[in-house]
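These notes are about the structure you will find just below.
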Amino acid sequence: MANAAEDTTLAPPQNAPPQNAPPENVPPKRWGDEEDDPVEEPSASSSNSEEKVASELKVEALTINDDESKINKFLDEPQDSNITAVTDTPYESASSFEDLNLSPDLLKGLYVEMKFQKPSKIQGISLPMILNPPHKDLIAQAHNGSGKTTCFVLGMLSRIDPKLKMPQALCVCPTRELAIQNVEVLRKMGKYTGITSECAVPMDSKHYVPISKQPPISAQVVVGTPGTIKKWMSSRKLGVTKIKILVFDEADHMLAEDGFKDDSLRIKKDIEKHSSHCQVLLFSATFNENVKNFVSRIVKDYNQLFVKKEELSLEAVKQYKVRCPDEHTKTLVIKDRILELGEHVGQTIIFVRTRNSASILHKALVDLGYAVTTIQGAVSAEDRDKIVQEFKNNLTKVLISTDLLARGFDQQQINLVINYDLPVKYETSEPDYEVYLHRIGRAGRFGRKGAVFNLLCSDRDEMLMSKIEHYFGSKVAEVKSWDSDEDFNNALEVAGLL
DNA sequence: AAAAAAC
């Protein structure tokens, strides 16, 4: 498998300045970001067109020479990101995927299917830690949209024994949508490896088959949500004896007291009871002090990558606050200012705090003649899948969501995020800083430009906003008048979207 | 209150 001992240095925080000015709007894909295909034919089911692109690109992609990738080494980092490594094992940061001793089939998937050229910063640092013996556990924090998914997907794919037709890797995610998205990335990246995968989320009613009537899972990788994974494990359909890598995506939430802590620990303990050595990977953009403290106690001998909270905000995403006289005005601002101007910009996601306000806002915008779709946890599985697919295919432009989609949702065409409500922690008056950061991270994937509009209409909102600014040390500019097209136009121009 | 939930 991977290199045993590497006689090299610990990966230092790299502060290499970009050698070129950042490109205007959409940076060319030079390093391993996730799916980057602009949707050309919204109606086409993507598989056919992808086949074509893949074969066209095959020759070029596979002949990228080493020298060229070294020349490009410092280009196009989405920001001068400071990731600090804590480890007592020497690792060398990978500057090309060739450095990682991946199988040819996996490299082909990276270049041909994913169209990656070189690892992003988090990938370069974390992958040697994940892939090389002694396969230590890892707590990895990195910016939103910096390519964390690729880290753990590649980790799972490269540690599978292809001859063993049993579950060997398990990835636990907080939502159905994230599990589906992750398994799609895994299948695309692993297309040439023959590795099999299963998505463990509740079946929609159309495909429902009782678990007792289903055969045991033979897929080598399982990606899913806690409830279904637990169900499969307890009904003995998901064997865990051969699992050697366990991933928690959005790990801070998966292990938070008010998140999925109990489910996650249960899954982890069951695996560790029955499997000899299982590597645990915890990935998220956020780990607050509380949860960092807790997670560092549940992993064993581990490596750690982290980012200071003051350096976590995405520089390419401009944040604004808009003072509105009342709740009703918020709807008008969304309709008359943001959506009118944003129409030519890309896709928009509007976050609301409750399912109920999602429905109310949905109805208000539809009544005003806007085509919007809404997703929240009370929507049926089928409809959720359909709504997400339509949005990912760019058939819908404006999506209203609860915090269901706050984390991980990867859609590169989103460049406007609207906080209809600011996120607040349950049973306290404190802002939910982590959710705020994840929400705004839905824009600005891989260094792309974006704008966030926070709609405020009370002293409480003002207080929440200023606490958020203070916490992240990031300035939130003011849009002077909610009533002024010029002000909004200007805001989008400053954000680089017009 | 949001998230998962074949209970």
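Computation of the quantities below employed the complete heavy-atom set of this structure, encompassing side-chain atoms and omitting hydrogens, waters and symmetry-equivalent molecules. Residue numbers begin at 1 in each chain, while the letters A, B, ... track the order of the sequences.
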Worksheet entry | Whole-Å distance separating the CZ atom of Arg407(A) from the C1' atom of dA1(B) | 15 Å
Response to the item:
Asp263(A) has its side chain closest, among dC7(B), dA4(B), dA3(B), to dA4(B)
Worksheet, complete the sentence: Lys206(A) atom NZ is separated from dA6(B) atom P, nearest whole Å, by 19 Å
Worksheet item: Can a side chain N or O of Arg176(A) be found less than 4.0 Å away from OP1 or OP2 on dA5(B)?
Response: no
Item to complete: State which of dA6(B), dA4(B), dA1(B) makes the closest approach to the side chain of Arg353(A).
Response: dA1(B)
Worksheet item: Which nucleotide, dA1(B), dA3(B), dA6(B), lies nearest any side-chain atom of Arg384(A)?
Response: dA3(B)
Discussion item. Given the ring of Phe472(A), does Lys308(A) sit roughly above its face, with NZ or CZ under 6.0 Å from the centre of the six-membered ring and within 45° of the axis?
Written reply: no
Practice prompt. Using a 4.0 Å heavy-atom cut-off across all strands, classify Val424(A) as base, sugar-phosphate, or nothing.
Written response: nothing
Worksheet item: For the pair made of CG in Asp249(A) and C1' in dA4(B), what is the distance, rounded to whole Å?
Response: 15 Å
Discussion item. Apply side-chain hydrogen bond (donor to acceptor under 3.5 Å, both in side chains) to residues Arg187(A) and Ser197(A) and explain how you reach the verdict.
Written reply: CA-CA 7 Å; Arg187(A) 283 171 186 165; Ser197(A) 56; 2.8 Å; yes
Fill in: Length of the CG-P vector between Leu178(A) and dA5(B), whole Å
12 Å
Discussion item. Rounded to whole Å, please give me the gap between CG in Leu255(A) and C1' in dA3(B).
Written reply: 15 Å
Worksheet item: Across the strands shown, which category fits Leu404(A) at heavy-atom distances under 4.0 angstrom: base, sugar-phosphate, nothing?
Response: sugar-phosphate
Discussion item. Checking contacts here: which listed nucleotide (dA2(B), dA4(B), dA6(B)) is nearest the side-chain heavy atoms of Thr354(A)?
Written reply: dA2(B)
Worksheet, complete the sentence: Of dA1(B), dA5(B), dA6(B), the nucleotide closest to the side chain of Thr225(A) is dA5(B)
Worksheet item: Rounded to the Å, how far apart are Asp262(A) CG and dA5(B) C1'?
Response: 14 Å
Worksheet, complete the sentence: Of the listed dA4(B), dA3(B), dA6(B), the closest approach to the Gln376(A) side chain comes from dA3(B)
Worksheet item: For Pro210(A), which contact category applies under a 4.0 Å heavy-atom criterion: base, sugar-phosphate, or nothing?
Response: base
Worksheet item: Looking at the side chain of Asp258(A), which of dA1(B), dA4(B), dA6(B) is the nearest nucleotide?
Response: dA1(B)
Discussion item. Between Tyr436(A) and Tyr471(A), is the ring-ring contact (aromatic ring centres under 6.0 Å, His included) condition met? List the steps.
Written reply: CA-CA 11 Å; Tyr436(A) 180 81; Tyr471(A) 185 83; over 10 Å; no
Item to complete: Heavy atoms only: give me the nearest Gln141(A)-Ala285(A) pair and the separation to one decimal.
Response: NE2-O, 3.0 Å
Item to complete: Would you tell me if any nitrogen or oxygen in the side chain of Thr228(A) comes within less than 4.0 Å of OP1 or OP2 on dA5(B)?
Response: yes
Practice prompt. Ignoring backbone atoms, establish whether Thr175(A) has a side-chain N or O less than 4.0 Å from OP1 or OP2 of dA4(B).
Written response: no
Item to complete: Mind calculating the distance between CD (Glu198(A)) and C1' (dA6(B)) to the nearest angstrom?
Response: 14 Å
Item to complete: Describe, in one word, how the ring planes of Phe488(A) and Phe453(A) are oriented to each other, choosing from parallel (under 30°), tilted (30 to 60°) and perpendicular (over 60°).
Response: tilted
Discussion item. Applying a 4.0 Å non-hydrogen cut-off, can you work out what Gln214(A) is touching in the nucleic acid: base, sugar-phosphate, or nothing?
Written reply: base
Worksheet item: Once you round it to whole Å, what is the distance between P of dA6(B) and CH2 of Trp232(A)?
Response: 11 Å
Worksheet entry | Closest to the Tyr426(A) side chain, choosing from dA2(B), dA1(B), dA6(B) | dA1(B)
Worksheet item: Please walk me through it: do Asp403(A) and Phe351(A) pass side chain to side chain contact (heavy atoms under 4.5 Å, CB included)?
Response: CA-CA 7 Å; Asp403(A) 285 326; Phe351(A) 285 109; 4.2 Å; yes
